[in-house]
Structure formats: C-alpha cells, structure tokens
Amino acid sequence: METISAIRGFKDILPAEAGQWLFVEEQARRVFHAFGFRDIRIPILEKTELFARGIGESTDIVEKEMYTFTDRGDESLTLRPEATASILRAYIEHALYATDPVARLYTIGPMFRRERPQKGRYRQFYQIDAEILGLDDPRVDAELILMLTHFLKAVGLTNPHVEINSLGCPVCRPGFRSAVVAHLQGREEELCGDCRRRIDTNPLRVFDCKIESCRAAVEHAPRLADFLCDACRVHFGTVQESLGLFCVPFSINDRMVRGLDYYTRTTFEVTTDVLGAQNAVVGGGRYDGLVQQLGGPDIPGIGFAIGFERLVSLMPRVAEDFRRTPALFIAALGAEAQKIAFELANRLRLNNVEVEMDYAGKSLKSQMKRADKLGCRYALIIGDREIAEKSGVFRDLRNSTQTPVGLDLASITGKMEALQRGVEDLV
RNA sequence: GUGGGUGUAGCUCAAUUGGUUAGAGUGCCGGGUUGUGGCCCCGGAGGUUGAGGGUUCAAUUCCCUUCACUCACCCCA
C-alpha cells in the first residue's frame, strides 16, 4: 500500500514537541485569565466576505494569500488567516455587547495562509490571539501590552522589546494619507511596481517596503506624528505614560504602519534581541472602527496576535526540557507477576500516577532498559520471589538504590512520596 | 507566483572516472549477567537508492519528466 503523507505546508506537532506547546498555552491561559480574559472558540472556516471586509480588500492577505475555495453550495469560504475578524463576527452575531459593555476574549489555534511554505512558515500556523472590546481608554492599550510582555517573560523570552506607534483616527489620518500620497506622486519613478499601485490602494504600506529606492523615497515623507489630532495625541501620550508606570521598555517607531487596513491609533509589535528588529513575534493594535465596519455597533477594540511557532523558536528552554517522563515503571517477571503488575499499574493511574509497564513478557534487563529510556524515576520489580514474600523490589533509578515495598497502592505511593521528599525509608 | 539546492535504513549521512552482495553512526530488537537500566562489547532486523522513462553490457551515479522536501525572493495577520 502506498503511504499517505500530510499535504504540502502542513505539519505534525509530535509528542516530543507538544510538551513545549502545552507549556506555552498554559502560561498564556494563566496570565490572560488574571487579566480578565476569557476563552472563546471560533470556527476555522468563515465566509470569504468576512475577511475581505474585516482585513481590507487591498491587503496582500486578501489579494493573494488566503486559503479560499468554493464549497458545494457555490459559496466562497476561507480558512481563517487571522482570528480578529472571526472573534468580532461572533461578538456581533451573539450581541455580546448587550450582556456586558466590555469583553476580553482570547483564543489559541491554527490559522491558514496559501503561500509557498518555507522555514518556519507553514500553511497551517498557530496564533495566540487576544482582543479587548468596548474600551477606548488608552490605559487599556498599555494594559494589554503589559499583559503581553508579562506573558512573554513567563515563557522565558529574555528581552521582549515593544515598538509602538499611533496611526491616528478617521479625523486625522486622511490628512496624513493625502500628504503621503502627494509626496509619493512626485516620486513615482523611484518606486517599485507594488508601491506605485499602493499609492492608490494603500499608500501607507509604502513605508513597509524593503526596496532601497522606495525607502529613500519615503525618507523625507511627512511624519504621522505631525498630523495627529489633539485627541489622538493625548491618547498616545497616556499609552506611553501608562507603560512607563510598569517599566515596560518600549520605543516609538513612527514608520510602523502594519499590514492591515483596520488599525487606528495605537499599533505595536514585539521583537526580541534574538532575531534582530526585523522579525516581530507579536503584532497588534487598536481598531476602533472595525466592529461597525462589520455591521455591529460603534464599539472600539484592540488586540494582538502572537506567532506561536516563532515564539517557541525563541524560547531559551527547548522541547527536550518539557519531556514528560513516567514516574514509575513496573517490571514484571512471569505470568503471575504480570497479572499483579497490570492491576497495580492501572490502579495507580486511576490515582493520577504516571505508570508504564511491559506487556510482552520481556526479560528484566530489557524492561529496565526501557524504564531508563523513558526517563522513569522509579521501578517496581515483581517476580516469583516477590510474590512469595508479598513484597516488591522498589528501585530508585537515579540513585541506583532499592528497598522492599508492599505490593499495594498505599505502600507504593507512600514510598514514592517519601523518596521524593528525600526521606530514607526505615523498612 | 519566481529562482536555487536536495531526495540512499526510523533519523543523520557515505558509496572512487558509471562496475557486480548499497555501507557507517545513531535508534530499534536480542545477547554478554538463571532476576536489574545508564558505560562497554557482540549479534540481528531494517532499503523497490522518491516515482516513471531514457542512454548503457552495467545506473545510487549520466539525461528527461514528475512528485516531494528545503532555502531564498514576494509577503508577513
């Protein structure tokens, strides 16, 4: 039979790696819960129109990177490229704003992009996503960033650095935008094809272009900071003050415009000293008009998305550090011992003790080998002698010492606990 | 979507100008110890050399096609 492999750009997270992933998720949930966030589970498939409207028609995501297909009902569906649009859809659809004016929501799960896979960039990738809806207070922006950096430190990132910017609001951004367009229109021949097109579609994106001539062309372009209206200026100031209160290290990057259309006011990215400044682990920002744009009431929002794989790759503790090892291996010799081992192993498991045993009737040597390979701290050896004496051999594989132990749950768990406390057993 | 690189054992890799039974390390299984792991020693299993076609007396090696993986570009939610 021909074997079947995973499809292009999709990848298995095997147990050897999954322990590290679990750790990251646990830390996220712990920290986020403390900050009042609640888990929300949203579908991974949505109507294409949701993303077209939510993310912006002229973004690269919507233009060419979405995992879109037509289902049998002739409806265009898309595997979600990000979580924000889906969360807002659910928020609006269930009128969560009617229950509580403030919603803090997070979700952890797979996102999809239809790109050619490369290093660390698969078609299915994972994000940790958090959104706050119903608050436009700038202190909330700072609070969200504080939570984010706190989480990043919890998983061991040494030097998370936050870059922030303000993109203005519908009052002041149009002025900036037209100033940028005016600036660019005089320099069209210096721009690459994409950027020339962007003048009409998404002029601010030109700031993100890596091509040298484009960078030069925007070198003396108008500065966003000079166009912010009073309200936005005050807002941005309070964000900075609030971050300072908790000594969150940040810098202002007024060229950071982010790839999505919906952002307003505060935007931010997190980089680390491991990757250099060009690769962000987290991107986020405020999107005060988005809920309304998706057909909901005029409710402000702010959120971020953490790239899971990238975060994992930046952690100082590697996958091996999160290996799960059974606490006890039960080695049995002979049919009678196997019976006892089987019952003991599963009764211990029912009591939440991680136990492994051999079912194949292998030699004691090979069972001990396996116990060692699995990283078991203790082994319980049961053979005819032990059955006759009603007392098993309890071996500490780390110290290579062994003592007798009763063949009952209480004796075994008591022995393990005593040894873990470092108490020498008296028997 | 564009360009480069690579496909040989579960994994990491060898194999002379094309040459006869395709090797090593590691992992796996077993033995060296009548019932004791790690270190060491010995043995064993495990391959359609990605697939298909071509050239040749002979192809892992050369050519073509295809698929996969991979790196980079583009872009990055």
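Below, each value reflects all heavy atoms present in this structure, side chains not excepted, and no hydrogens, waters or symmetry copies. Residue numbering restarts at 1 for every chain, and letters A, B, ... go by the order of the sequence lines.
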Atom-pair distance ([atom1] on [X]; [atom2] on [N]), nearest Å:
| X | N | atom1 | atom2 | result |
| --- | --- | --- | --- | --- |
| Tyr378(A) | G38(B) | OH | P | 20 Å |
| Arg123(A) | U70(B) | CZ | P | 11 Å |
| Lys365(A) | G35(B) | NZ | C1' | 12 Å |
| Ile42(A) | A77(B) | CD1 | C1' | 13 Å |
| Met111(A) | C75(B) | CE | P | 23 Å |

Does [X] put a side-chain nitrogen or oxygen below 4.0 Å from OP1 or OP2 of [N]?
| X | N | answer |
| --- | --- | --- |
| Lys369(A) | C29(B) | no |
| Ser366(A) | G37(B) | no |
| Ser363(A) | G31(B) | yes |
| Arg8(A) | C69(B) | yes |
| Tyr122(A) | U70(B) | yes |
| Lys373(A) | C28(B) | yes |

Please classify the nucleic acid contact of [X] as base, sugar-phosphate, or nothing, using heavy-atom distances under 4.0 Å.
| X | result |
| --- | --- |
| Asp129(A) | nothing |
| Lys362(A) | sugar-phosphate |
| Gln367(A) | nothing |

*Side-chain heavy-atom pair Pro110(A), Gln124(A) within 4.5 angstrom cut-off*: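 Side chain of Pro110(A) against side chain of Gln124(A), heavy atoms only: contact under 4.5 Å found.
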*Centroid-to-centroid, Tyr97(A) to Tyr91(A), below 6.0 Å?*
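They qualify: ring centres under 6.0 Å apart.
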*For residues Phe151(A) and Phe32(A), establish whether the separation of their ring centroids is below 6.0 Å.*
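When the ring centroids of Phe151(A) and Phe32(A) are compared, they turn out to be within the sub-6.0 Å range.
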*Within 45° of the ring axis of Phe23(A) and under 6.0 Å from its six-membered ring centre, is that where the NZ or CZ of Arg317(A) lies?*
yes
*Do Arg123(A)'s NZ or CZ and the ring of Phe10(A) fall within the cation-pi criteria of under 6.0 Å and 45°?*
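No; the conditions do not both hold, so Arg123(A) does not lie above the ring face of Phe10(A).
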*Which residue lies toward the 5' end of RNA chain B, Leu397(A) or Arg80(A), if each is placed at its nearest nucleotide?*
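First, find each residue's nearest nucleotide; the 5'-ward one identifies Leu397(A).
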*For RNA chain B, whose closest nucleotide is more 5', that of Arg398(A) or that of Asp384(A)?*
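Nearest nucleotide further toward 5': that of Asp384(A).
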What distance, rounded to whole Å, do you find between the two [atom1] atoms, one in [N] and one in [M]?
| N | M | atom1 | answer |
| --- | --- | --- | --- |
| G38(B) | C29(B) | P | 12 Å |
| A68(B) | A24(B) | C1' | 26 Å |
| G23(B) | U34(B) | C1' | 38 Å |
| A9(B) | C13(B) | C1' | 11 Å |
| G47(B) | U60(B) | C1' | 11 Å |
| C11(B) | C73(B) | C1' | 31 Å |

*Scan Leu348(A), Asp358(A), Ile340(A), Ile381(A) and name whichever one has a side chain to side chain contact (heavy atoms under 4.5 Å, CB included) with Ile330(A).*
Leu348(A)
*Candidates U2(B), C74(B), G35(B) - which lies nearest the side chain of Arg116(A)*: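 Minimum distance to the Arg116(A) side chain belongs to U2(B).
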*If you check every side-chain atom of Leu364(A), which of A72(B), U36(B), G37(B) has the closest atom?*
U36(B)
*Could one point to a donor on the side chain of Arg395(A) or the base of G37(B) with an acceptor on the other under 3.5 Å away?*
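Indeed there is one.
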_Any pair counted as side-chain hydrogen bond (donor to acceptor under 3.5 Å, both in side chains), so long as it reaches residues 29-43 of chain A, sequence neighbours left out_ =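 Applying side-chain hydrogen bond (donor to acceptor under 3.5 Å, both in side chains) to every pair that reaches into residues 29-43 of chain A, excluding sequence neighbours, yields Gln27(A)-Arg30(A), Arg29(A)-Tyr106(A), His33(A)-Tyr106(A), Asp39(A)-Arg41(A).
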*Can you tell me which stems involve RNA chain B, if a stem is defined as three or more consecutive Watson-Crick or G-U wobble pairs, both distances under 3.5 Å?*
B:1-7 with B:67-73, B:10-13 with B:23-26, B:28-32 with B:40-44, B:50-54 with B:62-66
*Please step through salt bridge (Lys or Arg N to Asp or Glu O under 4.0 Å) for the pair Glu143(A) and Arg104(A), ending with a clear verdict.*
CA-CA 12 Å; Glu143(A) 189 173 288; Arg104(A) 295 170 190 255; 2.8 Å; yes
